[in-house]
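No hydrogens, no waters, no symmetry mates; every other heavy atom, side chains included, goes into these values. Just so you know, residue 1 is the first one in the sequence shown, and it goes up from there. Counting starts at 1 for both ligands and their atoms, following the listed order.
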Amino acid sequence: MNRIEYFGKCLDRSDLSDDPIQMTADWIEQGRFGGIAEPEAMCLSTVDGAGQPSSRMVLMRGLSQRGLVFYTNYNSLKAHEIRENPQVACHFFWPQLHRQIRIRGVASLLTGQESDAYFASRPRTSQLSAHASQQSEVIVDRDFLETRMRQVENRYPDEVPRPQNWGGFLVAPSEFEFWQGRPSRLHDRFRYRMEEGVWLIERLAP
Ligand SMILES: Cc1cc2nc3c(=O)[nH]c(=O)nc-3n(C[C@H](O)[C@H](O)[C@H](O)COP(=O)(O)O)c2cc1C
């Protein structure tokens with residue numbers, strides 16, 4: 001099996017911002033300039049009431065001092081699991097840059113107003129599919145989905161209202177890890193942990 005040697009730039013304590021949100025924003029921008037098509041794509045992990053984890057990709061659509069925002073169906077598996085256990089993990093991986101970011105935090109519902117504003121900014125077809133698809137439900141076939149899509153197109157010839165079961169989640173982060181691949185598996189890793197309102201930064205062994 002071929003093994004890829006990681007030769008990314010070194011990541012030193014002096015390269016780090018005190019603010020892990022700013023670091024995340026910087027790495028996403030660097031990913032975009034580095035040719036990554038959707039650097040905001042992240043793996044979101046949730047855990048159900050029985051302790052069984054589940055992961056899937058979502059797009060991060062907001063990043064601020066409050067945390068990370070993504071949008072989804074509030075009746076989906078992930079939303080049910082967040083209601084059972086709001087502790088989640090987010091993971092970005094950009095293989096071209098030999099970088100990953102791991103984030104742990106607590107998810108909560110975004111306000112209806114914030115979800116309305118984002119929904120209004122989406123393309124019409126995405127707005128309609130949010131109505132047509134009961135995300136994570138079992139369906140008989142593709143025709144069922146396309147028939148539903150035609151029905152909602154007819155129901156909403158003009159403006160499409162946000163479905164009540166569709167909106168955002170905010171992940172308030174409590175821990176970050178910034179990982180930079182280096183040669184010989186001697187990677188650089190820095191963890192940020194919130195302690196008494198201050199981000200504590202520690203280097204971890206690879
Ligand atoms: C790159 C990528 C981005 C995605 N972004 C979203 C998203 O922002 N929101 C969403 O609900 N699903 C998104 N999906 C689909 C999810 O991965 C998943 O199939 C869906 O949300 C159902 O997950 P669940 O059944 O675990 O709730 C995305 C998939 C990919 C591959």
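- The two residues M23 and F178 come nearest to each other via the heavy atoms CB-CZ, 3.4 Å.
- Using a cut-off of 4.0 Å between Lys/Arg side-chain N and Asp/Glu carboxylate O, E81 and K78 are scored as not salt-bridged.
- Among protein residues, R56, M57, V58, L59, Y71, T72, S76, L77, K78, Q135, S136 come within 4.0 Å of ligand 1, judged on heavy atoms.
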Would you give me the side-chain donor-acceptor pairs under 3.5 Å for residues 165-174, sequence neighbours excluded?
unit_1: S174; atom_1: OG; unit_2: R104; atom_2: O; d: 3.4

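- W27 and F92 have their aromatic ring centers separated by at least 6.0 angstrom.
- For D15, the side-chain hydrogen bond (donor to acceptor under 3.5 Å, both in side chains) test picks out no residue, with sequence neighbours left out.
- Among residue pairs with one or both ends in residues 112-134, those qualifying as salt bridge (charged side-chain N to carboxylate O under 4.0 Å, His left out) are R66-E114, D116-R162; sequence neighbours excluded.
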